[in-house]
Structures are given as C-alpha cells and as structure tokens.
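The basis for the numbers below is simple: all heavy atoms, side chains too, and nothing from hydrogens, waters or symmetry mates.
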Amino acid sequence: MAISALAVAGLVACGDDNPSNPGQGSSLIPESSSATISQNPNTSSSVPGQVVPGVSSSSGNVVPGSSAAVPGSSAVAPASSDSQPGVIPASSATQVVPKDENGFPTLESYGAPSALYTKDISATAKRGWNTRYWDACKPHCSWLRENENDVTRADRTSNETYAAELMTARNCNIHDVEVPTFTLGNVSKAWLGYEGTRSACGDEKEAGVFTCTDMAPIAVNDTLAYAYVAGTADSKCGKCYHLQYDGHFKDEFEMNPPKATHKALKGKHLVVMASNIGMDVAGGNPDLPAGQFDLMVPGGGVGAFDALSTQVNGKNVNWGAGFGGFLTECQKNTNCGTEGSLDCYQTCVKDMCDAAFGNAGLPNLLRGCHWFADWYMAADNPTYYIEEVECPQYLVDHYVTRINTTIETNIKKRTDWSDFKEGDVLDTLHCWKAGEAPAEPGGWQNPSAGCDVPQ
C-alpha cells in the first residue's frame, strides 16, 4: 500500500519574533534626522523608477485614505513585458489609481506584469518549498531595526537608506485601518526615541496591531499570482522572488508520490515579497537547496501566536491545525483523507473559508483563503524553482508604510489603536533631544530631553 501521510504544513512564522517584544524597535534619533526622504529609493530589492511616498516631517499626520493623506506609490505600475519593470511616464505619475469595492487598487490599474515573472527558470534555478500560515501578527518587517547586527530590516542610518530599503512594512488595527508602525516612545529627561506599535500577538490583543489584510495572496491571472512570505532568520525585508511550481512536494518519495493538488499547481508562477521571518523556517538541504518560504495565506494555520481569532472574533471558528490550517483539517479521514481528490480538498477548504471569514467584514481574508483552494490548488508543501526578481509595484504598494516615511516621527504613543478610524488625524507632540530644547524667556535652555506638553 502507498504511504499516504502528507507533510504537515505551516511552521511558526510569526511576524512578531517575541510578541511581548520589550524594547523592540526603540532607538535614539540619529544625528542625521534632519535629512529629507528620497523620492526615488532604488536598491536591488526595489523596482527601478518606483516612487515611494515620502514626507520630511510627521507633523499633522493624517492616516492614508483621507483627502489630506500622502498618497501611496500605487500610481506607479509594474511594467508590461516590453518595458522596464516598474517605470511609467512621468506624466502618468499623478494619476489617481482606481480602487475596487474592497478598497485596494485594482490589478488592472497596474498594467501587464513583467514577462520575467512567468519565464521558465527550471533549467537554471535552485529548488525550494512552501509551507503556509496566517497568524495576523504585526509583521517582522514592521518593526524598526534594533541595531547594526540586525540585517533583516531597513537601515535607519539616514532617511535615504531607510527609503532605499523600503522603510517599514504596513500594519493595521483590528478594523484593518493602517496605523503607524512606530511612534514616539516614553520621553524622559535623558532619552527621546521611538517604539514600535505593539503587536496584537502580545498582551495588547484588540488594542494592538495586525497584518493588513490586503497582504493576502491575489491572482493576476490563471498562471500568475502575488503573495507575501516569511523567510529564514537572515532573510532581507522587501526582497522579491519568482517561484515556478514543479508538480512535486517536499516529503515525497517512491511510495508517497505527488498528489493531484501538486500536479494541478505545476507550471504556475508566484511572485512573493518577504515581509516576515520565521525563526524555524528552514534553510536548504541537498535536495532542496533554496530552502523554505512560509506563505502567508488566510486559513493556512494560526501558528504559535494567534491574533487572527482576535481580529475576526473567531472563538467559535474551526481554524484547523495550528500548523497547516484548513487543508490539514480537510486531510482527516472524516473529510477527504490524505489521498483525497482535488475537488474534495478545494470544496472542503472553501467551506472552511466561508465559515471563518464569510461574515467577518474582512473581504481580503476571504479572497486569500479562496485563492488557496482555487488558484493554488490546495497544494500541501509544494516545491518550486526560485530566483530573485525586482518587485511588482503591487507588492511594494501594499508593503511600504504610508505613515512612517522618515526615520524620525513626532506621532504620540498610543496604547490602544482599536478605535482609530480611516481619516483620523494622528496626535503629535513637539519634542526634542537633550541639549536641543527651545530657549525659554530670559535665554535659559533646558538641558534635558522633553516635550512641549506632558505625555
């Protein structure tokens, strides 16, 4: 008899390495904090010619979505197959990008994707494999770089280096409204610095911040899709990769061959962007030297740090296996079993998607969950060929913070983001570092750090 046990998918890939995260993201203001942000932050991990939104001061911050907000870079479209990736004529750069009924840019507004995203790389590229998860935690790449030994997140030496490495990844409150990734910390007489907004995977729960739901996978067409992933502990935030699925899976062998799901996925292409790391996401091995990516898929498993059930009020939802999610639940003999048909897995997964997300008021989660069944063919731990590519502008737009666009901020710290609404003005403070206080009447200058009003 064929051995039928499939690999259990979905290792821990929480975006918040330590949900309580004491001190995470705190740092002193660099001396170069007066620099202004670059409007053309190009690196090997970004798209040539892309425009990332920037403001030189956070005074009077307005959350994106209001009429006074700084627009995102979604006015810049990915290139068609016969143009330079990511570049559009300057005359088009101010066009308003149409939004669909769920509030994110329509794929059509980005134009045709680059031909590089669907080219055959099977003859030259290394192989790796996917697991899956969606814990809804604040992404790893939403936290500030802590020190020079942290090579995963954006360099904060200057505004130019911060912008060139795509700043911090967006995060949202429980109602899916984008909020700051970092704010002023608790200013003392000796210290003025910043703190990351706290993850819902820690003690904050409803008051904390989550993965923005528009980071769920989305199909471009029948053979190309975009998504976000957690990489290994040394993965670089903001890098993008082209995955070409090969019809196999990680733990196959002679008596445990590929299933119908893996065969149905063969030949499809997925372009992914690293927005997380997972401390247990594996490196390569002789058979699969490229190692593992943990694919962000709603319903893919809540992992060890579950914020998803908080966000969707899912106390009575069957989330499936913590590591593997809905598909792993569907592989039980009471559902499809481990040798079930493609149709059985797709139907079972979508039924669980509907039960979890159908009335949650978060349509991107439902879309991404159905994507796993319909586009990804409910494939369990599939393998692929992989190469690094320039990022599609769609992924850049949904990744880059539209609020913390400089290395400094005067946004006031909040302990509860749950009541923040789209269009609300962010509270700010006028603060200064030690020795930089404004002169008081009579010429005396306070030598301590502080703010105009008590915190």
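- Ring-plane geometry between Phe357 and Trp319 is classed as tilted, the angle between the planes lying from 30 to 60 degrees on a 0 to 90 degree scale.
- Looking at heavy atoms from C-beta onward, Glu165 lies in side-chain contact with Lys236 at the 4.5 angstrom threshold.
- Residues Tyr228 and Ser275 come closest through the heavy atom pair CB-OG, 3.7 Å.
- When each of Lys266, His262, Lys268 is paired with Pro382, the side chain to side chain contact (heavy atoms under 4.5 Å, CB included) condition holds for His262 and for no other.
- No donor-acceptor contact under 3.5 angstrom links the side chains of Tyr194 and Asn404, judged on distance only.
- If you take OG1 on Thr428 and CG on Leu184, they are separated by 9.0 Å, rounding to the nearest 0.5 Å.
- None of Glu254, Glu252, Lys259 except one satisfies the side chain to side chain donor-acceptor pair (under 3.5 Å) rule with Asn256; the exception is Lys259.
- Taking CE from Met377 and CG from Leu342, the interatomic distance works out to 6.0 Å, rounded to the nearest 0.5 Å.
- Close placement of the Phe293 and Tyr241 rings is indicated, their centers lying within 6.0 Å of each other.
- Counting heavy atoms from C-beta on, the side chains of Thr168 and Arg153 never come closer than 4.5 Å.
- Distance alone, capped at 3.5 Å, is enough to place a donor-acceptor pair between the His242 side chain and the Tyr117 backbone.
- Rounding to the nearest 0.5 Å places CD1 of Ile277 at 8.0 Å from SG of Cys141.
- Across the pair Cys330 and Cys336, the gap between the SG atoms, which is the quantity tested here, reaches or exceeds 2.5 Å.
- Val349 is not listed as a side-chain neighbour of Met352, based on a closest heavy-atom distance of 4.5 Å or more.
- Side-chain atoms of Leu426 and Thr183, non-hydrogen and from C-beta on, never get closer than 4.5 Å to each other.
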**OP:** Begin from the C-alpha positions of Lys421 and Val177 and carry the test side chain to side chain contact (heavy atoms under 4.5 Å, CB included) through to its verdict.
**Re:** CA-CA 7 Å; Lys421 300 181 295 298; Val177 175; 5.7 Å; no
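- Contact of the His140 side chain with the Cys237 side chain is registered, since non-hydrogen atoms from C-beta on lie closer than 4.5 Å.
- Between the His398 side chain and the Val396 main chain, no donor and acceptor come within less than 3.5 Å of each other.
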**OP:** Dump the intermediate steps for side chain to side chain contact (heavy atoms under 4.5 Å, CB included) on Cys353 and Leu366, then the final yes or no.
**Re:** CA-CA 6 Å; Cys353 293; Leu366 183 62; 4.3 Å; yes
**OP:** For the pair Asp416 and Ser418, evaluate side-chain hydrogen bond (donor to acceptor under 3.5 Å, both in side chains) and give the outcome as yes or no after the intermediate values.
**Re:** CA-CA 6 Å; Asp416 186 349; Ser418 62; 2.6 Å; yes
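- Residues Tyr345 and Gly337 come closest through the heavy atom pair OH-O, 2.5 Å.
- Checked by atom type, the side-chain pair Thr131/Asp294 shows a donor-acceptor distance below 3.5 Å.
- With hydrogens and angles disregarded, no donor-acceptor distance shorter than 3.5 Å links the side chain of Lys138 to the backbone of Trp143.
- For the pair Arg414 and Asp427, the salt-bridge criterion is not met [side-chain N within less than 4.0 Å of a carboxylate O].
- Dense packing is recorded around CG of Asn318, with more than 12 heavy atoms of other residues, nucleotides or ligands lying under 6.0 Å away.
- At least one side-chain heavy atom of Leu224 sits less than 4.5 Å from a side-chain heavy atom of Pro113.
- In this pair, Phe420 and Trp417 present their aromatic rings perpendicular. The plane angle is above 60°, beyond the 30 to 60° band.
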**OP:** List the steps and the verdict of side chain to side chain contact (heavy atoms under 4.5 Å, CB included) for Glu178 and Ile403.
**Re:** CA-CA 8 Å; Glu178 183 178 353; Ile403 300 173; 4.1 Å; yes
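- Here the side chains of Tyr399 and Pro139 are not in contact, with every heavy-atom distance at 4.5 Å or above.
- Taken to the nearest 0.5 Å, the CZ atom of Phe182 stands 14.5 Å off from the CZ atom of Arg198.
- Checked against Lys239 for a salt bridge (Lys or Arg N to Asp or Glu O under 4.0 Å), the options Glu390, Glu388, Glu387 give a single hit: Glu388.
- Side chains of Asp246 and Thr383: a donor on one and an acceptor on the other come within 3.5 Å.
- Using a 4.5 Å cut-off on side-chain heavy atoms (C-beta onward), Leu265 and Trp375 make contact.
- Listed here is the closest heavy atom pair of Arg156 and Leu144: NE-CD2, 3.3 Å.
- The residue from Val271, Val220, Leu107, Asp397 that alone fulfils the side chain to side chain contact (heavy atoms under 4.5 Å, CB included) condition with Pro392 is Val271.
- The side chain to side chain donor-acceptor pair (under 3.5 Å) test with Arg170 singles out one residue from Asp214, Thr211, Thr181, and that residue is Asp214.
- Few gaps surround CG on Asp374; more than 12 heavy atoms of other groups in view lie less than 6.0 Å from it.
- Remark: the Tyr376 side chain and the Asn130 side chain contain an N/O donor-acceptor pair separated by less than 3.5 Å.
- Remark: the backbone N or O of Gln346 is not paired with any side-chain donor or acceptor of Asp343 at under 3.5 angstrom.
- Between atom CG of residue Leu327 and atom CG of residue Asp380 there is a gap of 5.0 Å, rounded to the nearest 0.5 Å.
- The heavy-atom pair separating Phe210 from Lys205 by the smallest distance is CZ-O, 3.9 Å.
- The main-chain N or O of Glu329 is found under 3.5 Å from a side-chain atom of Asn335 such that the two form a donor-acceptor pair.
- The backbone N or O of Thr232 lies less than 3.5 Å from a partner atom in the side chain of Ser235, making a donor-acceptor pair.
- Between Ala321 and Thr328, the shortest heavy-atom distance links the atoms CB-CG2, 3.6 Å.
- The shortest non-hydrogen separation linking Trp129 to Asn285 is CZ3-ND2, 4.0 Å.
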**OP:** Take Asp176 and Asn364, measure what side chain to side chain contact (heavy atoms under 4.5 Å, CB included) needs, and give me the verdict at the end.
**Re:** CA-CA 10 Å; Asp176 210 30; Asn364 295 325; 4.1 Å; yes
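- Residue Arg132 holds its CZ atom at 15.0 Å from CE of Met296, rounded to the nearest 0.5 Å.
- The closest donor-acceptor contact from the side chain of Asp135 to the backbone of Ala307 lies at 3.5 Å or more, if one exists at all.
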